[in-house]
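Here's the structure, in structure tokens; my notes come after.
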Amino acid sequence: MYILGIETSCDETGVAIYHSERGLIHHLLFSQIDMHSEYGGVVPELASRDHIRKLIPLIKQLLHESNTLQTDITAIAYTAGPGLMGALLVGAATAQSLAFAWQVPTIAVHHMEGHLLAPMLEDNPPKFPFVALLISGGHTLLVKVSSIGQYELLGESLDDAAGEAFDKTAKLLGLNYPGGAKLSELAKLGQLRFRFPRPMTDRPGLDFSFSGLKTFALTTFQKSEKTNQDKADIALAFQDAVADTLAIKCRRVLQQTGLTTLVVAGGVSANIKIRSTLTEMIEKENGAIYFPRPEFCTDNGAMIAYAGYQRFLLGQTQGLEIFAKPRWLMIDL
Ligand code: KG4
Ligand code: ZN
């Protein structure tokens with residue numbers, strides 16, 4: 001069985017083919033980052049138009065390069081939300097049109113479930129039950145995962161998502177959108193000079209708050225001489241604070257749930273410092289940790305094809321209506 005996956009929720013056009021026995025067959029990604037960086041952030045209308053331009057050619061290329069015929073495709077999975085409405089509609093309308101033409105069902109996939117299941121594409125996938133830390137540009141979630149679709153929200157960010165805090169802090173240090181990965185590069189040149197708070201770790205609970213760190217970075221920057229070294233030192237202090245905060249909350253959630261497996265996914269899980277801090281924590285707790293390969297941390301079609309395959313196995317296909325839900329809670333799945 002071949003599942004075509006389509007991701008268009010934000011600023012990446014991603015497509016992939018997943019096969020029930022052979023696993024991931026092929027995937028392609030077109031990133032719109034160069035286009036949006038001129039404006040310092042994602043421009044939703046430009047994102048939609050670019051998905052329209054790129055999606056069909058990318059699907060054609062995907063089928064061609066993987067020697068897959070359209071008649072081989074069993075079902076089409078697409079990101080139905082959460083995300084930018086216009087961008088989601090491009091993926092949904094394209095998926096439904098192809099499904100109508102090819103006479104196959106569609107599967108509406110939740111973007112964060114895609115991220116959550118991305119580590120399942122690796123050779124040694126995690127086994128249920130586990131705790132998932134999902135850290136992306138729009139979400140920071142701690143979820144207890146008992147099986148596909150059995151998700152219990154244990155903690156979330158009360159303000160900025162982890163990726164959003166990275167991007168905003170990067171911006172104030174003069175780095176271009178999306179600044180997360182660039183901030184992490186800059187932090188490599190940093191020296192341990194500043195110590196930022198570890199927000200909400202001095203009280204019980206599993207929620208996060210990252211917006212104060214961005215403000216802390218801003219005031220530290222304003223008080224500094226604003227040299228390149230100052231910027232690097234602030235980047236390092238900010239990144240260390242996020243990594244430690246995530247590790248403290250993850251240790252807490254494992255102790256509270258009695259679970260020993262942690263899955264970390266979403267764009268920010270590509271961050272090397274966060275990966276190493278969480279790995280050190282898990283080793284001390286005698287647990288196991290799983291990440292997607294770096295290219296599947298950020299948005300991609302492979303995770304949507306895989307999540308779609310799992311939903312297809314549960315019989316969750318959809319009619320021909322165009323379903324797009326910009327706001328969609330994962331616990332409603
Ligand atoms: O999962 P994702 O691609 O999109 C959403 O679903 O939001 O996550 C994008 C976020 C951005 O905020 C980006 O700056 C951040 O992930 N990001 C990183 C790194 N790579 C991507 N943040 C910190 N360090 C990185 N290496
Ligand atoms: Zn994402």
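Everything quoted here is computed from the prediction, not taken from an experiment. All heavy atoms count here, side chains included; hydrogens, waters and symmetry mates do not. Numbering of ligands and ligand atoms starts at 1, following listing order.
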statement: Within a strict 2.8 Å cut-off of the Zn ion (ligand 2), protein N/O/S atoms tallied 3

message: Using ring centroids (six-membered ring only for Trp), state whether F166 and F210 fall under 6.0 Å.
response: no

task: Say whether C10 and ligand 1 are in contact under the criterion: heavy-atom distance to a ligand atom below 4.0 Å.
output: no

field: ligand 1 atoms in contact with G163 (distance to a heavy atom under 4.0 Å)
entry: 12 (O)

field: Sole residue of F194, F196, F221 in ring-ring contact (aromatic ring centres under 6.0 Å, His included) with F216
entry: F196

- prompt: Any salt bridge between K249 and D207, counting N to O under 4.0 Å?
  reply: no

query: Which residue from G267, S269, A170 reaches closest to atom 20 (N) of ligand 1 through any of its heavy atoms?
result: G267

- request: For a ring-ring contact (aromatic ring centres under 6.0 Å, His included) with Y306, tell me which candidate from F296, F312, Y18 qualifies.
  value: Y18

query: Is any side-chain N of the basic residue among E113 and R311 closer than 4.0 Å to the acidic one's carboxylate O?
result: yes

- request: Could you list which atoms of ligand 1 come closer than 4.0 Å to a heavy atom of H111?
  value: 6 (O)

- prompt: Which ligand 1 atoms does D299 reach within 4.0 Å, using its non-hydrogen atoms?
  reply: 1 (O), 2 (P), 3 (O), 4 (O), 5 (C), 6 (O)

- line: In terms of its nearest heavy atom to atom 23 (C) of ligand 1, the top option of I135, N300, L175, N271 is N271

- request: Determine, considering heavy atoms only, which of A161, G137, A162, G138 sits nearest to atom 8 (O) of ligand 1.
  value: G137

Please tabulate, for the side chains in residues 125-138, all donor-acceptor contacts under 3.5 angstrom to protein atoms that are two or more places apart in sequence or on a different chain.
residue : atom : partner : partner atom : Å
S136    : OG   : G138    : N            : 3.3
S136    : OG   : H139    : N            : 3.2

message: I'd like to know if K188 pairs up with E185 as an ion pair, taking the criterion as any Lys NZ or Arg NE/NH1/NH2 lying under 4.0 Å from an Asp or Glu carboxylate oxygen.
response: yes

field: Contacting atoms of ligand 1, where contact means under 4.0 angstrom from a heavy atom of D167
entry: 11 (C), 12 (O), 13 (C), 14 (O)

- request: State whether the shortest distance between N or O atoms of S184 and N or O atoms of ligand 1 falls below 3.5 angstrom.
  value: no

message: Test of understanding: given a 4.0 Å heavy-atom threshold, classify the contact between E12 and ligand 1 as side chain, backbone, both, or neither.
response: neither

message: Assess whether a salt bridge exists between D230 and K226, defined as any Lys/Arg side-chain N lying under 4.0 Å from an Asp/Glu carboxylate O.
response: no

Euclidean distance, L158 CG relative to T140 OG1, rounded to 0.5 Å: 10.0 Å

query: Which atoms of ligand 1 sit under 4.0 Å from any heavy atom of T298?
result: 3 (O), 21 (C)

task: Please write down residue, atom name and distance for the protein heavy atom closest to atom 22 (N) of ligand 1.
output: G180 CA, 3.5 Å

- prompt: Got a salt bridge between R49 and E45, using NZ or NE/NH1/NH2 to carboxylate O under 4.0 Å?
  reply: yes

- line: In E65, H19, Q61, H64, the residue satisfying side-chain hydrogen bond (donor to acceptor under 3.5 Å, both in side chains) with H26 is E65

